[in-house]
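Below is one structure, written out as structure tokens; comments come after it.
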Amino acid sequence: MVHNGAVVDTAPGAHDPISVHDQVVRATYACVARFGMAKTTVEDVVRESGLSRATIYRHFPGGREDLLRQAIAWEIGNFLGALADHVRDAPDLATLLDDGLGFARRAVVEHDLLQRMLQTEPDRLLGLVTTESFKTLPFIAAFLQPYLEREAAAGRLRAGVDLAEAGDHLGRLILSLIGAPGRWDLDDPAQRRMLVDRELLGGIRSV
Amino acid sequence: MAALGGTTMGTVLSARILDAARDCVARVGVSKTTLDDVAREAGCSRATLYRHFAGTGPLFEALIQRDLDRLDRRLAVATADLVYLADVCAAVLTTGVEFVLDHAALTTVLAVEPTVLLSAVSFDGSELFFARARALIAPHLWAHVGSDAERLAELLARIAISHLSSPRTEAPISDPEVVQHLVRTYVVPGFVREPTSERVQP
């Protein structure tokens with residue numbers, strides 16, 4: 001890229017598409033945190049990232065909507081990564097679900113930007129969060145698979161449980177509970193234990 | 001007699017206005033439906049409409065309430081005479097899912113302005129939604145699970161919402177056999193009552 005490379009993309013690694021992508025997404029997220037989604041423009045992202053408008057459009061051909069969607073997806077990815085790290089070493093599936101629900105609920109309540117956007121622009125936010133959650137459900141189900149397999153190998157599952165289907169079912173309930181705890185107080189360990197033992201694992205774990 | 005006649009007339013007109021509101025929403029969605037549209041559809045003046053419903057807020061609230069009453073009657077019919085908890089849960093889920101999928105106004109909102117529904121079932125809006133779902137479903141479960149009825153009602157509502165918003169293509173929730181399987185495998189085991197002393201005695 002002799003004709004433009006030297007002028008615009010001077011930072012080391014700037015030609016690495018992953019790092020440019022990451023740089024733009026982080027810059028977009030910073031803009032959203034500062035201005036909100038409705039007011040964030042491509043020009044803001046240009047200024048924040050230090051990259052050219054042309055570079056940004058090359059990586060995000062959908063423009064502004066594309067940037068916003070990927071910024072939300074990036075933060076959901078961060079959240080899921082932190083959640084996965086938090087529960088990775090759990091000794092069994094019940095402990096994993098118990099700890100994971102407590103951690104996830106705290107993360108949602110304490111996420112300042114999420115809470116602010118739920119007040120100021122819930123429609124835009126929920127639209128994107130929901131589109132991305134179509135990808136979140138398979139992620140959670142896939143994450144749970146090895147743990148379900150371990151439970152099965154240890155003889156702790158009911159006979160005939162379909163592991164993929166059980167993972168899908170658990171993923172649905174987990175996503176539902178994180179977004180909307182309903183009558184459950186997920187900060188209360190006794191309630192979480194009852195929720196996990198009866199509603200999440202009632203039909204999965206052998207008694 | 002005059003007062004009684006007046007009330008009946010008012011009730012008939014209210015029902016016609018609610019039908020009109022439902023048809024408008026089914027055509028263009030919630031946010032584009034105005035009181036003028038509804039008055040035109042109902043064939044009454046805006047002033048008359050306003051005497052019954054002081055704005056789109058109260059109008060849509062009355063529409064929701066009427067739908068909840070209708071679904072409540074369907075749930076009563078679907079669960080009457082059922083003996084086993086699994087059958088009751090399956091009947092509740094199947095009736096609820098059918099109600100949503102057959103509802104022209106709800107399906108339009110889902111298609112053209114899904115965030116209106118999403119904000120009602122997630123985060124801050126979800127408290128009212130689940131309170132309503134529990135109030136609607138739990139009475140149909142009392143005879144089977146007693147004080148666990150609210151807990152079970154909420155679980156069934158979660159399952160329905162999840163499958164309606166993210167369908168499992170290989171096992172659609174509109175299929176009664178899928179519902180029976182889900183309920184028997186994952187729901188009922190968490191709600192079976194402890195065996196009572198009468199049962200273990202000969």
Side-chain angles (χ1 to χ4, degrees), chain A residues 108-109 111 114-115 117-119 121-138 140-141 157-162 164-184 191 194-207, chain B residues 30-31 86 89 110 113-135 138 145 148-171 173 178 181-194:
Chain A
V108 164
V109 172
H111 197 295
L114 171 67
Q115 293 302 330
M117 282 166 48
L118 283 172
Q119 299 302 319
E121 38 190 356
D123 285 3
R124 293 186 68 88
L125 176 71
L126 288 171
L128 289 174
V129 166
T130 309
T131 318
E132 289 307 313
S133 78
F134 292 134
K135 298 169 202 161
T136 309
L137 175 58
I140 295 181
L157 296 192
R158 283 175 186 254
V161 168
D162 176 331
E165 184 189 84
D168 175 81
H169 182 71
L170 287 174
R172 287 173 187 277
L173 292 185
I174 291 165
L175 270 180
S176 170
L177 286 159
I178 292 174
R183 65 195 283 289
W184 295 100
Q191 286 203 31
M194 180 186 179
L195 174 64
V196 169
D197 286 347
R198 304 202 61 181
E199 295 197 9
L200 268 59
L201 295 181
I204 294 173
R205 199 169 43 170
S206 59
V207 273
Chain B
V30 168
S31 45
C89 292
L110 251 179
E113 44 189 3
T115 52
V116 169
L117 286 179
L118 295 173
S119 50
V121 299
S122 49
F123 298 107
D124 295 2
S126 67
E127 275 180 46
L128 177 62
F129 172 81
F130 281 115
R132 278 182 158 155
R134 291 193 299 266
V145 292
D148 274 343
E150 295 228 322
R151 186 163 76 81
L152 179 53
E154 187 175 299
L155 177 61
L156 293 174
R158 284 184 195 285
I159 293 173
I161 291 291
S162 172
H163 282 268
L164 283 168
S165 59
S166 318
R168 254 187 109 201
T169 38
E170 73 276 24
I173 196 76
V178 167
H181 170 74
L182 278 179
V183 159
R184 284 170 199 278
T185 311
Y186 301 106
V187 177
V188 169
F191 289 86
V192 281
R193 281 193 249 187
E194 298 298 313

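So you know, we letter chains A, B, ... as the sequences are listed, proteins then strands, and number each from 1. Keep in mind that the numbers below use all heavy atoms, side chains included, and drop hydrogens, waters and symmetry copies.
- Using a 4.5 Å cut-off between heavy atoms, Glu154(B) contacts chain A through its side chain alone, with no backbone atom that close.
- In this structure, no portion of Val188(B) lies under 4.5 Å from any heavy atom of chain A.
- Side-chain atoms of Ser162(B) never come within 3.5 Å of backbone atoms of Arg158(B) as a donor-acceptor pair (strictly under, hydrogens ignored).
- At a 4.5 Å heavy-atom cutoff, Glu170(B) makes no contact with chain A through either its backbone or its side chain.
- Arg168(B) touches chain A through backbone and side chain together, each having a heavy atom under 4.5 Å away.
- Proximity of a side-chain donor or acceptor of Thr185(B) to a complementary backbone N or O of His181(B) within less than 3.5 Å is detected.
- In this structure, Ser166(B) contributes its side chain and His163(B) its backbone to no donor-acceptor pair below 3.5 Å.
- Formation of a donor-acceptor pair under 3.5 Å by the Glu199(A) side chain with backbone atoms of Leu155(B) is not found in this model.
- For the pair Leu195(A) and Leu173(A), the minimum side-chain heavy-atom distance is 4.5 Å or more.
- Looking at Gln119(A), only its side chain comes within 4.5 Å of chain B, counting heavy atoms on both sides.
- Between Tyr186(B) and Ile159(B) the shortest side-chain heavy-atom distance does not fall below 4.5 Å.
- Interface residue Leu177(A): backbone and side-chain heavy atoms are both found under 4.5 Å from chain B.
- A cation-pi arrangement is absent between Arg183(A) and Phe130(B) under the rule of less than 6.0 angstrom and at most 45 degrees off the ring axis.
- With a 4.5 Å cut-off on non-hydrogen atoms, Asp168(A) touches chain B through its side chain but not through its backbone.
- Counting heavy-atom pairs closer than 4.5 Å to chain B, the top residue among Pro181(A), Gly179(A), Pro122(A), Gly160(A) is Gly179(A).
- Proximity to chain B involves both the backbone and the side chain of Leu126(A), based on heavy atoms less than 4.5 angstrom apart.
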